[in-house]
Amino acid sequence: MAVCIAVIAKENYPLYIRSVPTQNELKFHYTVHTSLDVVEEKISAVGKSLGDQRELYLGLLYPTEDYKVYGYVTNSKVKFVIVVDSSNTSLRDNEIRSMFRKLHNSFTDVMCNPFHNPGDTIQSKAFDGIVSGMMVQTASYT
Amino acid sequence: MESLTLTDVEQKYYSDLFVYCDTDNTKKVASNGRVLDLFRAAQLPSEVVLQITELCGATRLGHFGRSQFYIALKLIAIAQSGLPLRVESLNSVKDLPLPRFVVGKNEAEARHAALYQDADSQGLYPASAAAVMPRPPGRGFQNKKAPPSSTSLPAHEVIQPLAPSIDPQPEPTSPVVSPHQSPPTSPPSWRKHKRQPSGGNADRQPVVVPTGAVWTQFREPQAGPVPGEGMWPSHSPPPLSQESWVSFTADTPPSSAIPGMHPSSVQESTTIRTVASAAMTNEIQRQSSGYDDPWKITDEQRQYYINQFKTIQSDLTGFIPGSAAKEFFTKSKLPILELSHIWELSDFDKDGALTLDEFCAAFHLVVARKNGYDLPEKLPESLMPKLIDLDDSAEVPEQAADVGYSGSPVEVTPSKSPSMPSLNQAWPEMNQSNEQWETFSERSSSSQTLTQFDSNIAPADPDTAIVHPVPIRMTPSKIHMQEMELKRTGSDHNHPTSPLLAKPPELSEEAQLPASMKFVAANTVGDGYSSSDSFTSDQEPITRQRSQSGTSPEALKVVAPPPPPPRPHPSHSRSSSLDMNRTFAAASAAGQPQSSTIAYPPAVPPRPLPTQTSAPHTGHRAEAEGASGGGAALTTTSPQQIPQQPNFADFSQFQAFAASEQPSSLPEVDMHSEPGQVEKSSEGAGPLRTVKSDGQVDERVSATVNSAKGSVSGPLGPPPKPVRRRLKSEDELRPEDEQHGPQKLNVIAAVLATQPSIPRSVGKDKKAIQASIRRNKETNTVLARLNSELQQQLKDLLEERISLEVQLEQLRPFSHL
């Protein structure tokens with residue numbers, strides 16, 4: 001369960017950011033922004049070696065005392081960043097990977113929409129739904 | 001208490017009721033007061049109520065939990081239907097009408113009942129509504145739920161105020177008035193309402209109102225579209241709508257068949273409750289089967305969609321690409337965001353293209369939106385493209401509509417905007433506003449389902465890139481081979497075609513080079529084969545066979561590819577040629593597949609490498625690493641090749657060509673005439689040299705090969721590898737590592753190809769035929785071995801590549817983490 005999910009375009013501007021509203025959203029925005037540096041570093045490093053196949057899932061970018069940041073880059077340099085609460089220890093790497101996979105699939109669906117112009121912010125309800133499903137459930141059902 | 005299975009309608013109905021009774025908002029327990037009032041409203045004898053309460057377990061528990069409540073409701077329905085109250089009948093009774101509650105608490109229900117009543121009964125509505133009209137308390141309840149019901153019917157709103165006002169009055173007489181209300185219909189309407197608790201399509205009203213017939217369809221949306229007054233609970237809209245409909249119904253004949261049901265149902269409803277319930281049941285069934293889907297596309301709509309689809313894509317089974325669809329739907333002047341949402345809903349398989357079904361769904365949604373209906377969150381079931389191409393494919397579009405959509409699940413998803421049902425009724429209006437339609441380019445929607453869609457997908461073309469080399473040998477090589485054969489057999493030595501043969505062994509390399517360059521793949525292989533043939537026949541039938549077999553598969557490849565580009569690493573080509581020499585020598589000597597295979601590849605530089613590497617391996621293995629190994633190799637190969645002198649001549653020619661083709665960039669070719677000059681970087685030159693030297697072809701070839709290997713290894717430097725490895729590494733560096741195998745095969749194929757030609761030329765000669773047959777067999781064996789060799793080489797090469805890559809990776813500075 002993430003507390004913040006962000007999609008950043010190739011040119012490093014955000015296409016989509018969503019945080020658990022209860023917390024200071026600005027803090028998450030800042031965290032995502034700083035994590036971009038780590039992402040860039042990782043992809044530039046990996047790209048040099050084999051060149052043909054680069055792992056899309058970047059793994060834990062950097063942990064802080066409050067939360068952990070995971071990254072994922074597509075082949076078109078679109079980055080997905082997930083921020084999870086550090087206290088959420090039950091979250092395994094595989095789960096993070098599956099979350100990224102779902103995000104990627106949803107993102108692909110959004111891109112397939114002919115009415116969506118690449119570079120626009122993502123306004124797809126389906127994508128929102130997927131992201132909501134991944135966010136921390138706060139006071140879920142009533 | 002046995003488990004309770006509820007239909008969707010019942011589920012919604014009961015949940016609505018439960019919410020209504022859940023005054024404490026606990027979501028778990030229905031307040032006894034409300035429940036009891038509700039039960040009283042069911043107009044059942046009190047003892048029956050008591051019995052029900054006991055049966056559902058509330059007596060045990062002391063309160064009405066959700067399950068108890070549901071069971072109780074079901075029992076009420078059973079009781080109302082006149083069936084005996086039994087626990088086991090809970091799930092056994094099929095098509096049980098929803099329990100009806102007349103009194104205000106269930107005003108919603110009453111309203112639903114009223115709603116569901118037919119348009120005909122609408123006339124009764126006011127009265128019934130009055131009777132059913134929730135009394136103030138009920139109204140309050142209605143208020144709770146009213147908001148969601150949308151304003152689909154402005155008329156509703158108008159009527160609403162009336163209704164409430166009317167409500168109180170008939171209340172006391174509600175039972176009496178029931179006939180007016182035709183309560184039986186309420187369950188269905190209720191159900192529908194419940195299905196769309198959040199219809200909330202206030203904006204739909206205009207469209208809906210005019211179509212009285214819409215009413216039936218509206219029922220479902222009714223839940224939502226309750227006039228915005230909020231007076232009416234989600235399920236209450238029906239009454240209003242009904243009232244409004246009353247007027248409309250009179251005016252507008254129901255567009256759908258469903259309304260037709262109403263009269264009957266209405267009439268029934270006028271009967272006693274039990275009777276009404278029966279009628280209601282029927283009506284419900286009819287209704288549910290008929291219109292329950294507010295999003296259903298009528299036939300005329302569907303036909304229109306299909307026509308529109310045709311304008312874009314004439315093939316009804318094809319797709320509309322996203323871009324075309326975008327243009328089309330943009331004409332509807334809807335905001336891009338909404339169009340995007342519509343696309344998300346309708347592109348069921350997320351492929352970026354619309355099939356006929358998807359297009360119909362999208363079009364329908366656009367129409368709905370233009371008429372003020374809100375877009376659903378999920379694609380309505382009736383709009384979902386059928387996944388199995390059962391009906392549509394066979395049926396005409398209009399039929400498809402029926403099949404596809406009428407057959408859709410009875411239960412309408414609540415997400416459907418309530419006003420959608422009216423869409424169908426609004427259709428007539430829409431038809432009037434044809435300009436809206438015309439805004440869209442006419443298209444016809446293919447009624448094909450997804451399956452058809454799938455079938456439309458062009459089946460993957462059989463891999464045209466046939467990997468297996470076809471042993472189509474270039475004529476020259478064949479002729480060459482034939483000539484070789486003839487030569488061997490003592491016939492005139494005619495090498496008309498093959499430039500190789502045409503020239504004496506001393507062919508100037510340059511001269512040969514150009515020619516051979518062209519042939520390169522073909523000739524070299526062929527020549528090699530022919531030469532191999534020539535000498536193999538004499539000494540190494542196997543070799544020949546190998547070459548031939550190799551030629552056949554490779555002939556095509558050999559012939560087809562243009563002259564191999566100048567080798568960056570002459571050694572490769574050289575080595576291959578050298579290898580080939582060795583191969584031939586070895587083959588002749590030992591019939592080793594490697595050598596033979598190596599001999600063949602010279603044609604294509606990168607490809608032959610593996611062959612070369614493999615071939616030289618046998619010979620060059622002795623050489624081991626190092627350029628100096630060449631000498632040793634020479635010695636090793638020389639002896640092998642020496643006995644094949646006669647063939648060598650040919651072979652050398654072949655080699656020369658092979659070499660010549662490869663090392664276009666090898667200036668040292670000439671220099672390499674001496675075996676001792678193995679070290680020369682002119683790996684390619686080596687073979688050329690051998691060609692020149694003719695008799696010493698073998699040695700030279702070997703030398704060249706060795707030198708090639710050496711040079712190969714030299715440049716590689718870093719990882720000292722066996723000669724073969726070096727070559728391989730070079731090969732790795734080249735992109736076509738894996739082509740070596742095919743190269744060999746090409747060679748073999750060429751050989752094979754050439755071979756058959758020979759028998760033909762001498763077909764008359766039985767012996768020749770037999771000889772050729774034998775040669776063919778030998779070639780087959782050779783080729784088989786060559787194949788295995790190549791495979792092995794391939795694997796080795798890949799391994800080397802991987803290791804190289806790993807080393808490379810390690811050597812790179814850790815610039816990153």
Next on the checklist: Does any backbone or side-chain atom of A/Asn117 lie under 4.5 Å from a heavy atom of chain B? Answer side chain, backbone, both or neither.
Outcome noted: side chain
Checklist entry - Quick check: are there more than 12 heavy atoms from other residues, nucleotides or ligands sitting under 6.0 Å from NE2 of A/His104? => result yes
Next on the checklist: Heavy-atom count check: over 12 atoms from other residues, nucleotides or ligands less than 6.0 Å from A/Tyr30 OH?
Outcome noted: no
Checklist outcome for this item: Between the CG atom in B/Leu345 and the NZ atom in A/Lys125, the distance rounded to the nearest 0.5 Å is 7.5 Å
Next on the checklist: Looking at every heavy atom in both B/Gly322 and A/Pro114, which two are closest together, and how far apart are they?
Outcome noted: O-CB, 3.2 Å
Item to check | Residue among B/Ser340, B/Pro321, B/Ser323 with most heavy-atom pairs under 4.5 Å to chain A | outcome: B/Ser340
Next on the checklist: Which one wins on heavy-atom pair count under 4.5 Å against chain A: B/Leu339, B/Ile342, B/Ile336?
Outcome noted: B/Leu339
Checklist entry - What part of B/Leu337 is in contact with chain A, defined as an atom under 4.5 angstrom from a non-hydrogen atom: side chain, backbone, both or neither? => result side chain
Checklist entry - Is there a donor-acceptor pair under 3.5 Å between the side chain of B/Lys326 and the backbone N or O of A/Phe115? => result no
Item to check | Any donor-acceptor N/O pair, B/Glu344 side chain to A/Asn113 backbone, under 3.5 Å | outcome: no
